S.K.: 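I'd like to ask some things about the structure below.
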Amino acid sequence: MKKSAAAASAWPRHLHLIGPEPAAKTAPPTPEAVGSKAYHLWRMAQLGLPVPAALVLGTHYTRDPAASLPPLLGSGLPALEAACALKLGDPRAPLLVSVRSGAPVSMPGMMETLLNVGLCEATLPGLLRQSGNPRMVWDAYRRLIASYAQVVAGLPAPLFEAELQRATQGGDERELDYQGLRALCRSYLALYQTHAGKAFPQDPHEQLAAAVQAVYGSWFAPKAKSYRKLHGIDEQLGTAVIVQRMVFGNSGTHSGAGVGFTRDPSSGEPTLWVDFLANAQGEDVVSGQRNAHGHASLAQTLPQAWEALQNAARTLEQSFSDMQDFEFTVQDGHLHLLQTRSGKRTPRAAVRIALDLHEAGLIDRQTARERTAHLKPKDLVLQQLAPRSGAEAAEGGQPLELARASSACSGIASGEIALDPERAIERARAGVPVLLVRPDAQTDDIEALQRVQGLLTQRGARTAHAAVVARQLGKVCLVGCADLRIDAQRQTVAFGPHEYAVGQALTLDGNQGIVYAGALAVVDVPDLHLQRRLQALRDNP
C-alpha cells in the first residue's frame with residue numbers, strides 16, 4: 001500500500017493515463033489541464049465505451065514542449081506500453097500510436113495529427129505478424145512517412161501527392177495492392193531523403209518525440225491563430241497532446257473510419273448523421289480530400305458495428321446532455337471511439353436541439369434558455385429559391401441545374417466564382433458576393449471562408465474539418481461534387497458541357513444539394529413552428 005502511494009506521488013503532475021486503471025496513475029483530469037478532447041476520452045472510458053488506451057501530455061507544456069519529453073519517455077510511455085501489452089519499437093509486438101492535439105476549446109482541423117508513429121523498417125515485420133495484412137502495413141507506413149515529412153520536417157504536401165498520383169495514375173490509392181504500396185513507401189523515403197537532407201528517422205522514440213514537439217508547435221500555426229482570433233479564444237490556453245494506441249480502419253473490408261453527429265447539425269433533427277469510409281483511416285474523412293458515404297454504407301457492410309455505434313451515440317447524448325460530434329474507427333468489425341465533443345451547429349439546429357433535449361429531460365429550462373439566449377427570430381429562417389412567376393418561366397425557362405453534391409450546411413448562396421482564397425478575400429472586401437470553389441475543403445482557407453457566401457468542393461465529406469468550420473460560420477457548403485472540374489491554369493470550372501470563368505456567378509442550394517448557373521433570387525421562409533417553441537420557452541416560468 002505504501003509502495004503504491006509512493007508510485008502515485010512520483011507520477012508527473014501534467015501527465016495523465018487513460019486506460020484500464022487511470023486512477024492508479026493520476027487524479028481525475030480537468031478540461032483546462034488536458035484539453036477537452038482528452039477530458040472527453042477519459043469520460044468515455046469511465047462510461048465503459050470502447051476507447052483505446054491513451055497518454056495525455058497537459059496544456060502546461062505548450063510554451064515549453066521540450067519539457068514534456070522526460071516525463072513522456074520516463075514515466076508515461078512505459079505505463080502506456082503496460083496498458084496495451086505492446087512496446088514501442090519492439091520488432092515482434094510493436095506499439096504504434098497516434099499523436100493528436102486537444103485544446104480546452106474545440107478548434108476543428110486547426111492543429112496537427114500524426115498516425116502510425118512507431119512504424120519503421122524494424123517494426124514492419126512485427127506489425128505484419130500481428131495483423132496478417134501486408135497491404136494495411138505498407139499503407140500505414142506510407143501515411144506515416146508523408147505526414148511526418150509535412151508536419152515535422154516541413155516538406156510541401158504536393159511532393160508526396162504528385163508521387164501518389166503517379167503511382168495510382170489518378171485513381172484511388174485503395175486499389176493499390178501491398179506491392180504497389182511498398183514501392184510507394186520506397187519512393188516516399190527517397191523523396192524525404194532528397195528534400196529533408198537526411199533519412200527518414202528509423203528510431204520510433206525519435207519519431208514520437210519529434211511528433212509531440214510538432215503537435216505542440218501547431219498551436220502557433222497561422223491557421224490556428226486565425227481561428228482563435230475569429231472566435232475570441234485565449235492563446236494562453238494552450239493545447240494538450242494525446243498519444244493513443246493506434247486502431248486500424250484501413251485493415252480491409254470489415255474496417256473503416258467515420259465521423260458522426262448524434263443529430264443533424266443543420267436542422268437539429270434527432271437522427272444520426274454519419275460519414276463513413278471503408279478501409280480508411282480517420283484523416284481520410286476529416287481532411288476534406290475524400291468523398292465519404294452516409295450511414296447506410298456502414299449499416300449494410302458492418303451491421304454489428306452500426307448497432308454498437310447507435311448505442312454509443314445514445315450513451316454520449318445522455319451523458320454529455322448535448323448533441324455530440326464524434327470520431328470512430330472500426331477494425332475488423334469492432335468499434336473504437338476516438339473523440340467526442342459538442343457539435344458545431346446552425347442557429348436553427350441549436351434551437352431545435354436545445355428544445356428537444358429539454359423536453360426529453362436531459363437539460364433543464366434554464367440551460368435551454370442559456371443555449372438559445374443569443375438567438376433571435378430572424379435566425380430561425382430558412383432560405384429558399386424564390387418561385388418563378390409564370391411570365392419568368394415562359395421567358396427564361398427553369399433555372400439551369402449544373403450538378404448535385406452533398407450538403408454540409410443548408411441555405412442558398414449566390415456569388416461570383418473564386419478559385420483561390422486570396423481572390424475570394426480581395427473580391428469580398430470590395431463588397432462582391434463570392435463563392436469559393438476548391439478541389440478539397442481545406443482548413444487553411446479559414447480567412448476566406450469567413451468572408452465568402454458559400455463553399456463548393458470537388459472532393460470532401462460533410463464532416464470534414466473545413467465543412468464543420470463553414471457550418472459553424474453559417475456558410476452554405478456543398479462538398480463532393482463529382483461533376484465539378486476545375487482548371488486552375490485557365491481559371492475556369494466546368495460541369496459537363498457547361499463552363500464558367502472566374503468572376504461568373506453560380507448559386508448553391510444547400511437545402512437540396514444542387515448547383516445552379518447564375519445568381520438566383522432567394523426568399524426567406526420563417527420557421528414559425530420553431531419560433532413559437534422558442535418563445536414559449538422564454539415566456540413560461
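The basis for the numbers below is simple: all heavy atoms, side chains too, and nothing from hydrogens, waters or symmetry mates. Along the sequence shown, the residues carry numbers beginning at 1. Keep in mind that what you see is a predicted model, and the values were worked out from it rather than measured.
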S.K.: Does the side chain to side chain donor-acceptor pair (under 3.5 Å) test come out yes or no for E447 and S226, once each step is laid out?
M.R.: CA-CA 7 Å; E447 289 193 45; S226 295; 3.2 Å; yes

S.K.: Would you check, one step at a time, whether the test side-chain contact (heavy atoms from CB on, under 4.5 Å) holds for V105 with S36?
M.R.: CA-CA 6 Å; V105 178; S36 60; over 6 Å; no

S.K.: Could you go through V117 and S98, starting from their C-alpha distance and side-chain angles, then the distance that decides it, and tell me whether this counts as side-chain contact (heavy atoms from CB on, under 4.5 Å)?
M.R.: CA-CA 6 Å; V117 173; S98 62; over 6 Å; no

S.K.: When rounded to the nearest 0.5 angstrom, what is the spacing between CG in L316 and CZ in R341?
M.R.: 13.0 Å

S.K.: For a quick test of reading the model, state the closest non-hydrogen atom pair linking Q150 to P156 and the distance between them.
M.R.: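 Here Q150 and P156 meet closest at CG-C, 4.5 Å.
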
S.K.: If we only count heavy atoms from C-beta on, is the L115 to L144 side-chain gap below 4.5 Å?
M.R.: no

S.K.: With heavy-atom distances below 4.5 Å as the criterion, would you say the side chains of D420 and L436 are in contact?
M.R.: no

S.K.: Would R100 and V215 satisfy side-chain contact (heavy atoms from CB on, under 4.5 Å), going step by step from the backbone distance to the final call?
M.R.: CA-CA 7 Å; R100 304 174 185 268; V215 172; 6.0 Å; no

S.K.: Testing the basics here: between A79 and L17, what is the closest heavy-atom pair and its distance to 0.1 Å?
M.R.: CB-CD2, 4.1 Å

S.K.: Do V99 and T113 have side chains that get closer than 4.5 Å, going by heavy atoms?
M.R.: no

S.K.: Please report the shortest heavy-atom distance between P70 and A67, naming the atom on each side.
M.R.: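 Of all heavy-atom pairs spanning P70 and A67, the closest is CD-O, 3.6 Å.
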
S.K.: Measuring from atom CZ of R142 to atom CG of L176, what distance do you get when rounded to the nearest 0.5 angstrom?
M.R.: 8.0 Å

S.K.: Are R143 and W138 in a cation-pi contact, defined as NZ or CZ under 6.0 Å from the six-membered ring centre and within 45° of the axis?
M.R.: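 No, cation not above the ring by the 6.0 Å, 45° rule.
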
S.K.: Could you walk me through whether L72 and V212 pass the side-chain contact (heavy atoms from CB on, under 4.5 Å) test, one step at a time?
M.R.: CA-CA 10 Å; L72 165 65; V212 167; 3.9 Å; yes

S.K.: As a test of understanding, state which of V97, I18, V56, L41 forms a side-chain contact (heavy atoms from CB on, under 4.5 Å) with Q244.
M.R.: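 Exactly one pass, corresponding to L41.
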
S.K.: Atom CD of residue position Q193 - does it have more than 12 heavy atoms of other residues, nucleotides or ligands inside 6.0 Å?
M.R.: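 Buried by this count: over 12 neighbours within 6.0 Å.
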
S.K.: Using distance alone, with no hydrogens and no angle criterion, decide if Q324 and T262 have a side-chain donor and acceptor under 3.5 Å apart.
M.R.: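 Note: Q324 and T262 side chains miss the donor-acceptor criterion.
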
S.K.: Is there a donor-acceptor contact under 3.5 Å linking the side chains of D139 and N250?
M.R.: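 There is such a pair (donor and acceptor under 3.5 Å, judged by atom type) between the side chains of D139 and N250.
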
S.K.: CZ/F261 to OG/S266 distance, rounded to the nearest 0.5 angstrom?
M.R.: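 The distance works out to 9.0 Å.
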
S.K.: Salt-bridged, R186 to E121, with N to O below 4.0 Å?
M.R.: yes

S.K.: Going by salt bridge (Lys or Arg N to Asp or Glu O under 4.0 Å), D322 matches just one of R371, R263, K344. Which one?
M.R.: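 When salt bridge (Lys or Arg N to Asp or Glu O under 4.0 Å) is applied between D322 and each of R371, R263, K344, only R371 qualifies.
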
S.K.: Say you draw a straight line from CD of Q207 to CG of L119; how long is it, rounded to the nearest 0.5 Å?
M.R.: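 Reported to 0.5 Å precision, the distance equals 7.5 Å.
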
S.K.: Using a 3.5 Å distance criterion without hydrogens, assess whether the side chain of T194 forms a donor-acceptor pair with backbone atoms of L191.
M.R.: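 Not at all, since once roles are kept as given, no pair shorter than 3.5 Å links the two residues.
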
S.K.: Given 3.5 Å as the limit, does a donor-acceptor pair link the side chain of N279 with the main chain of G256, or not?
M.R.: no

S.K.: Suppose the criterion is salt bridge (Lys or Arg N to Asp or Glu O under 4.0 Å): which pairs have a residue in residues 108-118, not counting sequence neighbours?
M.R.: none

S.K.: Taking F200 as the fixed residue, which of F160, Y188, Y148 is the one that meets the ring pair (Phe, Tyr, Trp, His ring centres under 6.0 Å) rule?
M.R.: Y148

S.K.: Aromatic rings H14 and H60: how do their planes relate, parallel, tilted or perpendicular, breaks at 30° and 60°?
M.R.: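 Rings of H14 and H60: parallel, as their planes differ by under 30°.
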
S.K.: Side chains of W219 and M110: does their closest heavy-atom pair fall under 4.5 Å?
M.R.: no

S.K.: Supply the atom-to-atom distance D440 CG to Q458 CD, rounded to the nearest 0.5 angstrom.
M.R.: 8.0 Å

S.K.: Kindly give the heavy-atom pair with the smallest separation between G118 and L96, and that separation in Å.
M.R.: C-CD2, 3.3 Å

S.K.: Listing request: all salt bridge (Lys or Arg N to Asp or Glu O under 4.0 Å) pairs with a residue in residues 63-87, at least two apart in sequence or in separate chains.
M.R.: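 For residues 63-87: R63-E235.
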
S.K.: With a 3.5 Å distance limit and no angle check, can you tell me whether S218 reaches the backbone of A221 through a side-chain donor-acceptor pair?
M.R.: no

S.K.: Say whether Q331 and S255, considering side chains only, have a donor N or O and an acceptor N or O under 3.5 Å apart.
M.R.: no

S.K.: Using atom types as modelled and distance alone, determine if a side-chain donor or acceptor of R129 lies under 3.5 Å from a backbone N or O of P91.
M.R.: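 Flag set: sc R129 to bb P91 pair under 3.5 Å.
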
S.K.: Does a side-chain heavy-atom distance below 4.5 Å link Y192 with P201?
M.R.: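 The answer is yes; the side chains approach within 4.5 Å.
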
S.K.: Answer whether the closest heavy-atom distance between the side chains of V247 and L338 falls below 4.5 Å.
M.R.: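 Contact flag for V247/L338 side chains = yes.
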
S.K.: Where do T239 and S101 come nearest, in terms of heavy atoms and distance?
M.R.: OG1-CB, 3.7 Å

S.K.: Measuring only between side-chain heavy atoms, which start at C-beta, is V274 closer than 4.5 Å to V259?
M.R.: no

S.K.: Any non-hydrogen side-chain atom of W42 less than 4.5 Å from a side-chain atom of V51?
M.R.: no

S.K.: Write down the atom of T59, the atom of G35, and the distance for their closest heavy-atom approach.
M.R.: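 Heavy atoms only, the tightest pair is CG2-N, 4.1 Å.
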
S.K.: Roughly how far, to the nearest 0.5 Å, is CG of L335 from CH2 of W306?
M.R.: 11.0 Å

S.K.: Quick one: does D234's side chain have a donor or acceptor within less than 3.5 Å of a partner on L237's backbone?
M.R.: no

S.K.: Relative to F320, does R43 satisfy both conditions: NZ or CZ under 6.0 angstrom from the six-membered ring centre, and within 45 degrees of the ring's axis?
M.R.: yes

S.K.: I'd like to know if the side chain of S321 and the backbone of E317 have a donor-acceptor N/O pair within less than 3.5 Å.
M.R.: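 No; zero donor-acceptor contacts below 3.5 Å.
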
S.K.: Do side-chain atoms of T30 reach the backbone of A33 as a donor and acceptor pair under 3.5 angstrom?
M.R.: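 Here the side-chain-to-backbone pair exists.
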
S.K.: Does D275 use its side chain to pair, donor to acceptor, with the backbone of G258 at less than 3.5 Å?
M.R.: no

